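One structure below.
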Amino acid sequence: MEQIFFLFQVLHLLRLPKSGKQHLSTGALLDEKQVTLFIPCLVDQLYPEIGVALCNVLSAIGWSVNYTPEHTCCGQPAFNAGHRPEAKQAAAAFVAAFPGSGEIVTVSGSCTAMVRVYYEELFQEDARLPEVSRFVGRLAEFSEFIHRHDLYHKIQGVQRGRVGFHNSCHSFRELHIEREPLRILRCLDGFELIESANKQICCGFGGVFYLKYSTISSAMGGSRLQYFLDAGADTVVANDPGCIMQMRQEAASRKLNIRIYHLVEFLAQAMGLGCELNLSKRSAG
Amino acid sequence: MALAGEYRSFLHRSCVKAADASHHLKILKAIASYDTAVEAMKKSQFESWERARQVAASVKRDAVSRLPELLEQFEAKAVENGVEVVWAADAAEARAAVLDIARANGVRQAVKSKSMTTEEIELNEALESIGVKIWETDLGELIVQLAHERPYHIVTPAMHKSRAEIGELFHRTLGTPLTDNAEELTQAARVHLREAFCSAELGITGANFLIASLGAVVLTENEGNARLTTACPRIHVAVAGIEKILPRLEDLELFLPLLATSGTGQQLTCYNTIIRGPKRSGEPDGPEKMYVILLDNGRSSIYAEEKLRVSLTCIRCGACLNACPVYRLIGGHAYNTAYPGPIGSVITPHLRGFPGWQHMSSASSLCGACSEVCPVKIDLHRLLLENRWHAHRQRTSSIIWRLGFWAWAAVYPHRKCLQMLQPFFRLGSRLAGLAAPRDLRGRIPQVAGRSFSELWQDYERKRTNS
Ligand code: SF4
């Protein structure tokens, strides 16, 4: 196994010259603030539009974004399944994909929690621990990032619908994110935020649980969505690609009349940023 | 393949329950009124619930860290009080001890108050096998006994039964007139049990706490049945898990209200009994003989695992069950073991063996609602992760998942490999989506036409060209 791993590492190194220029930040202007993206694997593989929305929003509020395509997955699926050696392999490759010391932002509370809560435990008694610890301190979830830099005032736009917010369990319980995303939503006009729908209820995704106990997981997803519908919501805004995958699939298979967006998608729409990657748009503010 | 059998039947039962909307509604209703009561009680009874949890957690953690010493202290004091203490290494030893006591004293009838530890060792079946008639005296327990079921919940065993169902059950088994009036039903049970209390020679209880400094057994309850169980019969046997220990009597000051709040949303339960031994000369009632059976049954192997040890601080309040979205959906019976829900999923694989029971640790979305409510701050969802890691380490996890993650770790974290395999993933997800059984079809993730990293490359290319 080690040999194969080594082989892949070699392959991995071989591609560097070609991709070198992708490390360049895009649209960087002097005096501009820069942030590096961590695109969670679910976003990369299943919902690239969420990644696009993140880029467009960050760029619109005056930040230039770096993207290092070497990173794929933080290792959470393996870790949650109990396969720690594999999770550690993934984590090591992941950390190595983010050289430098700048801030990193992502759109998943559970990936952020994986890194922040479990990475150091995973690398206990490992020579790489200091490097890992440095990395851990660099990562922020999107709403944490907005809050940390007090960027609320840069978010303006108009949305529609009766909207419920779904905070992911890990964002709420591991990262203690509670008010930030709601505060971000309140920067927009034109839609109704249904507070009663925002109750902290698990959508039933749970990584490998989604596969191992598909029926239970699906029923949990169904009852989470029903809670939104009963509260009168026609739109769900969530902050984790796992929850989004679960809820989109449940909504589709149950033919429920409810739209599900990631917070950054909802913002990008409100700010009129389009669906194409576009890093040249700048906000006036 | 008896081992896989437990997993398979768990899957089967949980799927049936997950689809049972009326079951779900009944449980949600029961838990909603529990939630309201608990929330109110936390505010009215504690200046700071969080602070109370912290203190409780540190008292219990300290007690568990000194478990051997405190148990010896308990034993010495109890013996001094005239109690006979029996150490049982496993369920079989505990059962044998109770059966010996029953045989030696010519017991033909026994009454039992609510106790999950006796469920754990399946004591009722054992007593019945030697011809002892045993009556559950807690109303909820009586209901499940009459229905030939096991407790649905560790605190509220008949939570899954509506009043109408109970009325029908009593009508069928006790011959009471058909009614769904709670008072009439309770009265029927009372009449029925009064007789049992008077004729039983043996009273069996669990223990909510064992007080080391006193050698005392503490029982908390709402119906007075545990009092009668320990007062009427000639012999009292308390079966207690070794983790039930508290160092001092004063600790009850916090733990009784804490348990009542988390368990049922009460300030205190109606009856709280501290028993220090059998009847002394001059006392009008109480048993002539008293035994405490200290049950290990896998607990010392939990004790030996540093990370898991904290699970021994559980006070069995049941709050984590009520908070758990999986438990709410599939109910207590799906687990087929004495301790369901989050705490059950943490300890059962250790108590009963990983090969047969590790599936419980995986049956959680790791949402953490359990850890949030636990009055002694056990990080249940992290312990579930520890169990999963344990299963992997001990190679008891399924070979398919092991191979799967091995391959995943070799390929997936490396962009180059991922990029190469992208078209296959894309095609694979489409095919799997088509080929999957109908109920799964909507749940096969579909790989996007262009991944984000490809979109980024496209964008880069466009920018450099223009
Ligand atoms: S683990 Fe905590 S919440 Fe669950 S039963 Fe035990 S004490 Fe109560």
Side-chain angles (χ1 to χ4, degrees), chain A residues 1 4-5 8-9 11-12 14-15 21-22 26 39 41 43-48 51-52 67 69-73 75 77-84 86 89-90 93-94 169-170 173-174 201-202 204-210 212-220 223 245 249 252-253 277, chain B residues 11 14-15 18-19 24 325-326 329-330 359 361-369 371-372 381 385 387-393 397 401-402 405-406 408-418 425 439-443 445-448 450-460 463-464:
Chain A
M1 186 164 106
I4 294 183
F5 181 53
F8 282 122
Q9 297 241 302
L11 279 173
H12 183 60
L14 284 177
R15 76 184 290 271
K21 70 169 184 273
Q22 288 160 3
T26 303
I39 300 295
C41 56
V43 171
D44 181 48
Q45 295 293 307
L46 308 181
Y47 306 119
V52 170
Y67 173 63
E70 283 75 21
H71 76 269
T72 62
C73 175
F79 186 82
N80 281 359
H83 297 244
R84 292 198 183 175
E86 289 81 358
Q89 271 180 41
F94 185 71
C169 298
H170 289 167
R173 298 206 174 89
E174 305 275 26
I201 305 174
C202 180
F205 174 62
V208 283
F209 175 73
Y210 174 91
K212 279 192 179 173
Y213 293 98
S214 183
T215 314
I216 306 177
S217 167
S218 156
M220 285 164 73
S223 62
M245 166 168 144
Q249 300 195 346
S253 63
L277 198 54
Chain B
L11 267 181
S14 58
C15 291
H24 195 45
V326 175
L329 197 67
I330 67 174
H359 62 271
S361 309
S362 305
S364 160
S365 65
L366 301 173
C367 74
S371 313
E372 187 178 288
H381 69 290
L385 278 171
N387 276 0
R388 296 177 188 187
W389 165 218
H390 181 101
H392 181 57
R393 220 169 33 208
S397 59
W401 283 98
R402 286 214 302 277
F405 272 112
W406 176 82
W408 174 88
V411 174
Y412 202 76
H414 309 287
R415 177 64 71 189
K416 184 89 179 168
C417 308
L418 191 55
F425 285 170
D439 52 329
L440 281 182
R441 202 162 295 165
R443 293 177 63 79
Q446 294 299 310
V447 175
R450 301 292 281 161
S451 71
F452 179 83
S453 78
E454 289 168 328
L455 287 179
W456 182 275
Q457 283 167 31
D458 296 346
Y459 182 75
E460 287 280 333
R463 246 172 41 101
T464 35

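As the structure is a computational prediction, the values presented were derived from the model and not from experiment. Convention: sequence-line order gives letters A, B, ...; per-chain numbering from 1.
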remark   = Honestly, the part of B:A19 sitting under 4.5 Å from a heavy atom of chain A is neither
ask   = What part of B:H24 lies closer than 4.5 angstrom to a heavy atom of chain A: side chain, backbone, both or neither?
value = side chain
key: A:G75 to B:W408 - nearest heavy-atom pair and separation   = CA-CH2, 3.8 Å
request  = Tell me, for B:L385 versus chain A, whether the close heavy atoms (under 4.5 Å) come from the side chain, the backbone, both or neither.
outcome  = both
Smallest separation among heavy atoms of B:P413 and A:T72, with atom names = CA-OG1, 3.1 Å
ask   = Is there side-chain contact between B:S451 and A:P48, with heavy atoms separated by less than 4.5 Å?
value = no
query = What is the minimum heavy-atom distance between A:E86 and B:H392, and which atoms define it?
reply = OE1-NE2, 3.5 Å
message = Using side-chain heavy atoms (C-beta onward) and a distance below 4.5 Å, is B:P445 in contact with A:Q249?
response = yes
Structural part of A:A252 lying under 4.5 Å from a heavy atom of chain B = neither
ask   = Which of parallel (below 30°), tilted (30 to 60°) and perpendicular (above 60°) describes B:F452 and A:Y67?
value = perpendicular
query = Does any non-hydrogen side-chain atom of B:H381 lie less than 4.5 Å from one of A:R173?
reply = no
inquiry  = Please rank A:A219, A:S214, A:C73 by heavy-atom pairs under 4.5 Å with chain B and give me the top one.
reply    = A:S214
ask   = Of the backbone (N, CA, C, O) and the side chain (C-beta and beyond), which part of B:E372 lies under 4.5 Å from a heavy atom of chain A, both, or neither?
value = side chain
inquiry  = For a 4.5 angstrom cut-off between non-hydrogen side-chain atoms, does B:Y412 reach A:C41?
reply    = yes
key: Close side-chain approach of B:P325 and A:C202, heavy atoms under 4.5 Å   = yes
query = Roughly how far apart are A:H170 NE2 and B:L366 CG, rounded to 0.5 Å?
reply = 5.5 Å
ask   = Can you tell me how far the CG atom of A:L277 sits from the CD atom of B:E460, to the nearest 0.5 Å?
value = 9.0 Å
request  = Compare every heavy atom of A:P77 with every heavy atom of B:F405, then report the nearest pair and how far apart it is.
outcome  = CZ-O, 3.6 Å
task = Give, as side chain, backbone, both or neither, the part of B:L455 having an atom under 4.5 angstrom from any heavy atom of chain A.
result = both
Under 4.5 Å from a heavy atom of chain A, the part of B:A363 involved = both
task = Check the pair A:D44 / B:R450 against salt bridge (Lys or Arg N to Asp or Glu O under 4.0 Å), numbers first and verdict last.
result = CA-CA 9 Å; A:D44 181 48; B:R450 301 292 281 161; over 6 Å; no
task = Please name all residues satisfying salt bridge (Lys or Arg N to Asp or Glu O under 4.0 Å) with B:R443, sequence neighbours left out, ordered by chain then number.
result = A:E250
note = The reported gap from SG in B:C367 to CD in A:E174 (rounded to nearest 0.5 angstrom) is 10.5 Å
ask   = Could you give the distance from CD1 (A:I39) to OG (B:S453), rounded to the nearest 0.5 Å?
value = 10.0 Å
query = Between atom OG of B:S365 and atom OH of A:Y213, what is the distance when rounded to the nearest 0.5 Å?
reply = 12.5 Å
remark   = Rounding to 0.5 Å, atoms NE2 (A:H83) and CH2 (B:W406) come to a distance of 14.0 Å
request  = Could you look at B:S371 and say if it's the side chain, the backbone, both or neither that has a heavy atom under 4.5 Å from chain A?
outcome  = neither
ask   = Does a side-chain heavy-atom distance below 4.5 Å link A:M220 with B:V326?
value = yes
ask   = Out of B:G368, B:A391, B:S14, which one racks up the most heavy-atom pairs below 4.5 Å with chain A?
value = B:G368
key: For B:S362 against A:F209, the heavy-atom pair lying closest together   = O-CD1, 3.6 Å
request  = Examine whether an atom of A:S218 lies under 4.5 Å from a heavy atom of chain B, and if so say whether it belongs to the side chain, the backbone or both; otherwise answer neither.
outcome  = both
message = Using a 4.5 angstrom heavy-atom cutoff, name the option from A:S253, A:G51, A:G204, A:S223 with the most pairs to chain B.
response = A:G51
task = Between chain B and each of A:V52, A:T215, A:L46, A:V208, count heavy-atom pairs under 4.5 Å; write down the option with the most.
result = A:L46
ask   = Taking side chain as C-beta onward, heavy atoms only, is A:K212 less than 4.5 Å from B:W401?
value = yes
query = Do any N or O atoms from the side chain of A:R84 and from the backbone of B:W389 form a donor-acceptor pair under 3.5 angstrom?
reply = no
